[in-house]
Amino acid sequence: MSAIVWDPTEVRHAPTPSRPRLVVIEGGAGLEDADGGLRLTRRGRLVLLLVAALAVAAFLALTGVRGADATEPGRTVTVHAGQTLSEIAAAELPGRPLDEAIVAIQLANDMSTAQVSAGQELVLPRS
C-alpha cells in the first residue's frame with residue numbers, strides 16, 4: 001500500500017507554504033500527518049459530518065423540539081359557507097399579521113392550499 005503526502009516545502013530553497021511538493025511513502029506507513037495528527041480523506045470527513053448530523057437529529061427528536069405553531073393545537077372552528085381561510089385567520093388570530101396567521105392555520109391542519117370548504121373543522125394554533 002502506498003500513500004501520497006502533501007508537504008508544503010519548496011524543492012530548491014527554504015520551506016515556503018506557497019510552493020508545496022508531493023512525497024510518496026511506500027508500505028502504508030506515514031498515514032499520520034508530519035505533525036503527528038491524523039489526516040482525513042474526503043470520505044472520512046463526509047462520514048464524520050453525517051454522524052454529527054444524525055446525532056443532532058436524534059437529540060432534537062429526543063428532546064421534543066418542534067415548530068412553535070404547527071404542533072401546539074388550540075381550539076377548533078367550523079368553516080361556514082362563503083368563508084375563506086384569510087377571513088378565519090383575521091377573525092381568530094387577530095394579534096398576528098394575516099400572512100403568518102394563514103400559514104399557521106395551514107401548518108396546524110396539514111393543508112397544502114388555502115382552500116377551505118363549508119363544514120370543514122380547522123384546528124387553530126395557540127396565539
Side-chain angles (χ1 to χ4, degrees):
M1 173 182 256
S2 62
I4 297 176
V5 178
W6 187 268
D7 188 9
T9 58
E10 188 173 74
V11 176
R12 289 183 268 156
H13 302 305
T16 308
S18 62
R19 302 206 61 174
R21 65 183 178 99
L22 290 175
V23 177
V24 177
I25 300 173
E26 296 291 328
L31 293 179
E32 294 83 23
D33 191 357
D35 298 334
L38 181 65
R39 289 188 180 198
L40 290 176
T41 62
R42 183 179 298 167
R43 187 181 306 177
R45 288 189 300 267
L46 179 63
V47 168
L48 286 178
L49 177 67
L50 290 175
V51 168
L54 287 173
V56 169
F59 173 76
L60 293 177
L62 291 175
T63 58
V65 175
R66 295 178 180 88
D69 295 331
T71 58
E72 295 180 3
R75 55 192 176 88
T76 60
V77 295
T78 304
V79 178
H80 299 291
Q83 267 189 322
T84 63
L85 187 60
S86 59
E87 290 173 349
I88 296 169
E92 300 296 332
L93 302 172
R96 294 185 181 190
L98 184 59
D99 58 338
E100 289 179 16
I102 292 170
V103 170
I105 293 173
Q106 286 176 318
L107 289 174
N109 292 281
D110 293 327
M111 298 171 64
S112 59
T113 67
Q115 297 209 0
V116 292
S117 56
Q120 182 179 356
E121 297 244 340
L122 293 177
V123 176
L124 298 175
R126 294 182 185 166
S127 46

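These values consider heavy atoms only, across backbone and side chains, with no hydrogens, waters or symmetry-generated copies. No experiment lies behind these values; they were computed from the predicted model shown.
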Measure across [X] and [Y] and return the closest heavy-atom pair with its distance rounded to 0.1 Å.
X      : Y      : value
Thr76  : Glu121 : OG1-OE1, 3.7 Å
Leu98  : Ala89  : CD1-CB, 4.0 Å
Glu100 : Arg96  : O-NH1, 4.4 Å
Pro125 : Ile105 : CD-CG1, 4.1 Å

Quick one: does [X]'s side chain get under 4.5 Å of [Y]'s, heavy atoms only?
X      : Y      : answer
Asp99  : Val103 : no
Ile102 : Ile88  : no
Gln106 : Leu85  : yes
Val77  : Glu92  : yes
Val116 : Leu122 : yes

> Is Gln120 reaching over with its side chain to a backbone N or O of Ser117, donor-acceptor style, under 3.5 angstrom?
Replying inline: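 Looks like yes, one N/O pair under 3.5 Å.
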>> I'd like to know if the side chain of Arg75 and the backbone of Val123 have a donor-acceptor N/O pair within less than 3.5 Å.
In response: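 No; judged by distance alone, with no hydrogens or angles, the pair does not exist.
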> Knowing that exactly one of Leu46, Val47, Leu48 qualifies, which makes a side-chain contact (heavy atoms from CB on, under 4.5 Å) with Leu50?
Replying inline: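 Looking at Leu46, Val47, Leu48, the match for Leu50 under the side-chain contact (heavy atoms from CB on, under 4.5 Å) is Leu46.
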>> Measuring from atom CD of Glu87 to atom OG1 of Thr84, what distance do you get when rounded to the nearest 0.5 angstrom?
In response: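 Reported to 0.5 Å precision, the distance equals 3.5 Å.
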> Which distance, rounded to the nearest 0.5 Å, do you find between the CZ of Arg45 and the CG of Leu40?
Replying inline: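 With rounding to 0.5 Å, CZ (Arg45) is 7.0 Å from CG (Leu40).
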